[in-house]
Amino acid sequence: MVAEMMDTLRGLLREALAACFESGSLNSGEIPADIVVEVPANPEHGDFATTLALVLAKKEQKAPRKVAEALMAALRDRKEIFARIEIAGPGFINFFLTSRCWYGVLEEIARQGQAYGRQRFGAGKRVQVEFVSANPTGPLHIGHGRGAATGDALARLLAACGYEVQREYYINDAGNQMQTLGRSILLRCRELRGEKAAFPADCYQGDYIRDLAREALAEKGESLLSAPEQETIPLLTDFGGRKILAGIAADLEDFGVRFDRWYSERSLFERGEVQKGIDYLRAKGFAYEKEDALWFESTRFGDDKDRVMLRGNGLTTYFASDVAYHKEKFDRGFDRVIDIWGADHHGYIPRMKAAVAALGRDREDLQVILVQLVNLLRGGEPVAMSTRSGEFVTLREVMDEVGKDACRYYFLSRHSDSKLDFDLELAKEQSSSNPVYYIQYAHARICSINRKAAEEGIGQPATAAVDFSALSLPEELALTKLLARFPELVAAAGRALEPHRLTAYLQELATQFHAYYNRYRVVGEDPRTTSGRLYLVNRIQTVIANALEILGIGAPEKM
RNA sequence: GCGCCAGUAGCUCAGUUGGAUAGAGCAACGGACUUCUAAUCCGUAGGUCGGGGGUUCGAGCCCCUCCUGGCGCGCCA
């Protein structure tokens, strides 16, 4: 609605400007390619405003207000959509639409229902969002939770913009960290059987390793202790990795995140993809040998130094896997690939983009979203977070303490690329005044109004039966305008890849609704008013539900 | 040293990609339940947008510079 109206306004302004040139009231003779029409922050400045006169003033060598007057005189409101047009400030032209025009939005929302807000600009394009991708060497912690919430919301947002979205988890199951996992479990197995041996600092210290050791002994038997390490470590690596990954999947499931595909790094090796990636770059002439290693000439594509793919000891680097993996992603036919990384990996972006360019793709086909690490606090005191030391609070524990919806909202209400303090005590204490409950409460309240209406034998009014002139309050018009902006917001958030914009909107919508609710009765004496208000609040409910859906947060009917 | 990100109210953060008088939520104080849910509402306050310079009709946003903080700069992952 807002977007359509802006287009209409741009068209009218173009016509008016042409008419001015025709009549000679203006004479710069050139119609700007993009005329800026916007929604002013201050409602007193109209529903829409244009800066056209300000932009033209210099070329016209006239005062901006004079230019505005000429434009206004030439403007033809054929469809009678304007209640008022005025010139204000240095030369803004402000447009006020008729109420009836606005209330058309409510009909639109009723017609589209769950689809209201959906965009089409992504239609026909396939996008992949890869996120979390934590090593299966330990349970997910709070930082992974932020990545999970961000990636999932982004995937939902892009789907709402029309993209065909695939969610993928890349399992780093090939590196020597996995060997360390196997060794850690083996050492704990021996310990359980009374062997006294030092437990090295570079092994995983967490208690979950002892649990895995216990399970391994129960399932694999005592031969684990007698067989040579060359056999038992790979066995335990595999065993532990599978168990931990299953736990990760369960945690994510309960966090509301489900992946379409779990992609194993090891499978890249097994299918020869890593070698193929290296061969590809070599064949293209983007690789060279130096000091026993094979290098990718990433400086050719904007990186500040070249990168090793094949080490002197014959092993490939992590980067080689990543090149192969991203090559494979594009081979699968994705138009866009989005990686969500911890911000501490930001230094890898230039080399990854270089690889994408070397693979013959536009470097913008890969976008990396950085998620800053979460600073976990408990009662103001920092909590040490290290998988290796075993000192960490798991995502599971935080979910249990704080709740899934509150946790997701907390992560999603801030730009992903800014640091985040997550204080467990605070999150618990504030849970009753947490913004997520405020928003969900608005939704639940509307459900409650509907129950009340049903009790009194009042059903949902059909669009044709609603008299919009019954919605005569300024609050009702303001709410309607806010609802009208939702589709634009989805589009803007989708283009910017910033789901957090939705939380600010929801906060505003809930605030306006609660104020309205407290001041006026929806189900009241007058049937005409009741029906109009009932129609309005149910449209609010739809938009709240649709927005929460994009964030992956529940919309409860009762609280 | 170089690079990336950030610096906005006491605290935590938004700020519609350059528009008009910079906004929320917490925290503080005073009020509102005979009502469709008080997890709510109403009222009161808070600012050198890190500092300085520049670009223009107009800057929290763009450019330069300095300060502060986080992170990164491996043939680790």
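Predicted model only: the values in this text are computed from it and were never measured. Below, each value reflects all heavy atoms present in this structure, side chains not excepted, and no hydrogens, waters or symmetry copies.
For the pair A:R485 and A:E488, the salt-bridge criterion is not met [side-chain N within less than 4.0 Å of a carboxylate O]. Ion pairing of A:K290 with A:E297 is absent here, as no side-chain N (NZ or NE/NH1/NH2) approaches a carboxylate O to less than 4.0 Å. Ionic pairing of A:R408 and A:D405 is not present here: no N-O contact between side-chain nitrogen and carboxylate oxygen is shorter than 4.0 angstrom. Salt bridge status for A:D417 with A:R414: absent, with no side-chain N to carboxylate O gap under 4.0 Å. Under 4.0 Å is where a charged nitrogen must lie from a carboxylate oxygen, and between A:K329 and A:E168 no such pair does. Taking 4.0 Å as the cut-off between side-chain N and carboxylate O, A:E60 and A:K66 do not count as a salt-bridged pair. One finds no salt bridge joining A:E455 and A:R451 here, because no Lys/Arg side-chain nitrogen approaches an Asp/Glu carboxylate oxygen to under 4.0 Å.
Straight-line distance between the C1' atoms of B:C13 and B:G47: roughly 15 Å, to the nearest whole Å. Comparing B:G19 with B:U40, their P atoms sit 33 Å apart, to the nearest whole Å. Straight-line distance between the C1' atoms of B:U21 and B:G58: roughly 14 Å, to the nearest whole Å. The P atoms of B:A9 and B:G23 are separated by 14 Å, rounded to the nearest whole Å. Taking atom C1' in both B:G54 and B:C4, one finds a spacing of 25 Å when rounded to whole Å. For the P atom pair drawn from B:C61 and B:A22, the interatomic distance equals 14 Å after rounding to whole Å. B:G10 and B:U17 are spaced 28 Å apart, taking the P atom of each and rounding to whole Å. Going from the P atom of B:U16 to that of B:G7 covers 13 Å, rounded to whole Å.
The nearest whole Å value for the distance from the CD atom in A:Q507 to the C1' atom in B:U12 is 13 Å. Between the CZ atom of A:F486 and the C1' atom of B:U16 there is a distance of 15 Å, given to the nearest Å. When rounded to the nearest whole Å, the span between CG of A:D304 and P of B:G3 equals 10 Å. Separating the CG atom of A:L412 from the C1' atom of B:C13 is a distance of 14 Å, rounded to the nearest angstrom. Nucleotide B:C5 holds its P atom 14 Å from the CD atom of A:E498, rounded to whole Å. Rounding to whole angstrom units, CD of residue A:E289 and C1' of B:C75 are separated by 13 Å. In this structure, A:L376 atom CG and B:U12 atom P are separated by 16 Å, rounded to whole Å. The nearest whole Å value for the distance from the CG atom in A:L502 to the C1' atom in B:G15 is 15 Å.
Taking the ring axis of A:F121 as reference, the NZ or CZ atom of A:R495 stays within 45° of it and closer than 6.0 Å to the ring centre. By the 6.0 Å and 45° rule, A:R118 does not stack over the aromatic ring of A:Y116. Geometrically, A:R445 engages A:Y517 in a cation-pi contact defined by less than 6.0 Å to the ring centre and at most 45° from the axis.
Side-chain atoms of A:H345 stay outside donor-acceptor range of the base of B:G72, with no qualifying N/O pair under 3.5 Å. Under 3.5 Å, the side chain of A:R445 and the base of B:U40 form no donor-acceptor pair of N or O atoms. No hydrogens or angles were tested; on distance alone, a donor-acceptor pair under 3.5 Å links the side chain of A:N94 to the base of B:A20.
Within the 4.0 angstrom heavy-atom criterion, base atoms lie near A:Y520. Residue A:H346 is in base contact, counting any heavy-atom pair closer than 4.0 Å across all strands shown. Within the 4.0 angstrom heavy-atom criterion, no nucleotide atom of any strand lies near A:A57. Backbone-only engagement by A:A504 is indicated by non-hydrogen atom pairs under 4.0 Å involving sugar-phosphate atoms exclusively. Within 4.0 Å (heavy atoms only), A:R485 reaches at least one base atom of the nucleic acid. Within 4.0 Å of A:R521, counting heavy atoms only, lies at least one base atom of the nucleic acid. As judged by a 4.0 angstrom heavy-atom cut-off over every strand, A:E456 is placed among residues making no nucleic acid contact. A:A453 comes within 4.0 angstrom of no nucleic acid atom, judged by non-hydrogen atoms across all strands. Within 4.0 Å of A:K305, counting heavy atoms only, lie sugar-phosphate atoms of the nucleic acid but no base atom. Contacts of A:N450 with the nucleic acid, taken as non-hydrogen atoms under 4.0 Å apart, are absent.
Nearest to the side-chain atoms of A:R501 among the listed nucleotides B:C75, B:U16, B:C57 stands B:U16. When the nucleotides B:C75, B:C76, B:A20 are ranked by their closest atom to the side chain of A:A88, B:A20 comes out on top. Residue A:Y517 has its side chain nearest to B:A38 when only B:A38, B:A14, B:C41 are considered. Of the candidate nucleotides B:G19, B:C41, B:G70, B:G70 has the atom lying nearest to any side-chain atom of A:K419. Residue A:P435 has its side chain nearest to B:G25 when only B:U16, B:C76, B:G25 are considered. For A:P40, counting side-chain heavy atoms from C-beta on, the closest listed nucleotide (B:C75, B:A20, B:C41) is B:A20. Picking from B:C13, B:C75, B:C41 the nucleotide with the shortest atom distance to the side chain of A:R414 gives B:C13.
Glycosidic conformation, B:C67: anti, with the torsion outside 90° of 0. Nucleotide B:U17 carries a syn base; the chi torsion (O4'-C1'-N9-C4 or O4'-C1'-N1-C2) is within 90° of 0.
Within the structure, every side-chain polar atom (N or O) of A:Y437 is placed at least 4.0 Å from both OP1 and OP2 of B:A39. Taking only side-chain nitrogens and oxygens, A:Y441 never comes nearer than 4.0 Å to OP1 or OP2 of B:C36. Of the side-chain N and O atoms in A:H500, one or more sit less than 4.0 angstrom from OP1 or OP2 of B:G15.
Ring-base stacking between A:H45 and B:A20 is satisfied, the centre separation being under 5.5 Å and the plane angle under 30°. In this structure, the aromatic ring of A:F92 is not positioned over the six-membered ring of the base of B:G19 within 5.5 Å between centres and 30° between planes.
Comparing A:A41 and A:R451 by the nucleotide of RNA chain B that holds the closest heavy atom to each, the one mapping nearer the 5' end is A:A41. In this structure, A:S418 and A:R519 both approach RNA chain B, and ranking their closest nucleotides by distance from the 5' end singles out A:S418.
The partner of B:C13 is B:G23, judged by Watson-Crick or G-U wobble contacts that both fall below 3.5 Å. Base-pair partner of B:U44: B:A28 (Watson-Crick or G-U wobble, both distances under 3.5 Å). Across all strands shown, B:A6 forms a Watson-Crick or G-U wobble pair, both distances under 3.5 Å, with B:U68. When both distances must be under 3.5 Å, the Watson-Crick or G-U wobble mate of B:G1 is B:C73.
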